[in-house]
Q: 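The structure is given below, and queries will be raised subsequently.
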Amino acid sequence: IAAPSSPGSPAGGVPPAADLVLGAAAGCMACVLTNPLEVVKTRLQLQGELRAPGTYPRPYRGVLRAVGAVCRADGLRGLQKGLAAGLLYQGLMNGVRFYCYSCALDAGWTGWTGGTVVAGAVAGAVGAFVGNVLTRCLFLQSISDAFGSIYRQHGVAGLWRGVSGAVPRVAVGSAAQLATFASAKDWGSWAAVLAGGMVSGVAVALCCTWRVSPQGKLYRGFLDCFAQISSKEGLLGLYKGIGAVYLRLGPHTVLSLFFWDELRRMVRPQPPPGP
């Protein structure tokens, strides 16, 4: 991902402050295009929650049938449910994530063995934390209303609700995504980059499919959610909807990294022409 830079210039060719904006824009652009698959993935994962396989009706059988069921029930607009919250989260999370990764580039982390993985994991963890907390606050009418509402319902700890599940999931996924993409970029062709993006999508899907979000009243936390799902639905229940997860994360990984890389190329200072 890093491009050769002149002395005194950012290691990636773009200052971290610019990557904050470019990363947010890339995440939002990818979100608009992949949100329908996010809707389908959620429907597939939530059907039969905490029930043994074969003991519940399955209105959603596969990605294509789920798309048809959503369209019949809610129309085409149903495929973009939750888009506003998705844009807010993706913009905040990816902006902070790519900002942190850009800072790691400037600090020379990616020059170490395994440094790209570490940089991607740290950037993902910080991005997930900031995105999770601020999305909960900003999606309501105002900051003061948000804090008041969350405090009344859940106390101070409510501001961090869901962080225990989001941070490790995004950290592992970000490490796999950015390390794979950086390696593919070194191969030098966009065919390799796209292939690398899809391969990293597989890694991200395997890392991020676990349905261990502690939100709601069914689970007391991350570990309780893990234990309940694995005991009642089996270990495969943790990977329910993995096909839809990959169909969403694969394109989202490729698109977000593609948009980010292209936006960086557009704003990166061009070297002066040779003599």
Side-chain angles (χ1 to χ4, degrees), residues 1-31 89-135 160 163-190 192-193 196-197 199-201 203-204 207-208 249 252-272:
I1 296 177
S5 54
S6 58
S9 65
V14 175
D19 269 324
L20 178 68
V21 178
L22 300 181
C28 288
M29 293 162 69
C31 179
Y89 176 74
Q90 290 293 334
L92 289 169
M93 187 270 287
N94 280 295
V96 173
R97 183 168 74 102
F98 285 122
Y99 170 81
C100 292
Y101 186 76
S102 186
C103 290
L105 283 175
D106 285 354
W109 287 23
T110 55
W112 311 336
T113 301
T116 303
V117 175
V118 174
V122 172
V126 176
F129 180 86
V130 173
N132 188 280
V133 172
L134 290 186
T135 297
W160 284 267
V163 168
S164 62
V167 168
R169 181 175 62 87
V170 177
V172 174
S174 179
Q177 182 193 66
L178 290 171
T180 307
F181 187 73
S183 298
K185 282 284 288 182
D186 290 340
W187 300 339
S189 72
W190 261 112
V193 171
V199 170
S200 68
V204 174
C207 296
C208 295
L249 285 177
H252 191 277
T253 294
V254 172
L255 290 171
S256 60
L257 293 174
F258 173 82
F259 289 142
W260 178 56
D261 198 63
E262 285 298 295
L263 289 171
R264 295 179 99 233
R265 185 180 61 81
M266 292 168 61
V267 304
R268 185 180 294 129
Q270 298 298 317

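Any value given below was found using the heavy atoms of this structure, including those in side chains, with hydrogens, waters and symmetry copies removed. Just so it is clear, the structure is predicted and the values come from calculations on it, not from any experiment.
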Q: Hey, could you give me the CG/CZ distance between L255 and F258, rounded to the nearest 0.5 Å?
A: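 That separation rounds to 8.5 Å.
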Q: Out of curiosity, N94 CG to F259 CZ, how far, rounded to the nearest 0.5 Å?
A: 12.5 Å
Q: Are Y101 and T110 close enough that some pair of their side-chain heavy atoms sits under 4.5 Å apart?
A: yes
Q: Can you list the residues that meet the side chain to side chain contact (heavy atoms under 4.5 Å, CB included) rule with V267, with sequence neighbours excluded?
A: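 Result, side chain to side chain contact (heavy atoms under 4.5 Å, CB included) vs V267: V14, L22.
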Q: Nearest 0.5 Å, please: how far is CG in D261 from OG in S256?
A: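 Interatomic distance, S256 OG to D261 CG, rounded to 0.5 Å: 11.0 Å.
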Q: To the nearest 0.5 Å, what is the distance between CE on M29 and CD on Q90?
A: 13.5 Å
Q: My understanding is that only residues two or more places apart in sequence, or in another chain, count here; which of them pass side chain to side chain contact (heavy atoms under 4.5 Å, CB included) with A25?
A: L263
Q: Suppose we screen for side chain to side chain contact (heavy atoms under 4.5 Å, CB included). Which residues come up paired with C28, at least two apart in sequence or across chains?
A: L87
Q: Using residues 116-127 as the side-chain source, report each donor-acceptor pair under 3.5 Å to any protein atom, sequence neighbours left out, with the distance given to one decimal.
A:
none

Q: Of the non-hydrogen atoms in G27 and H252, which two are nearest, and what is the gap between them?
A: O-NE2, 4.0 Å
Q: Any salt bridge (Lys or Arg N to Asp or Glu O under 4.0 Å) pairs touching residues 13-23, not counting sequence neighbours?
A: D19-R264
Q: Check this for me: Y99, atom OH, are more than 12 non-hydrogen atoms of other residues, nucleotides or ligands nearer than 6.0 Å?
A: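 12 or below, so no.
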Q: Could I get the full list of side chain to side chain contact (heavy atoms under 4.5 Å, CB included) partners for A24, not counting sequence neighbours?
A: none
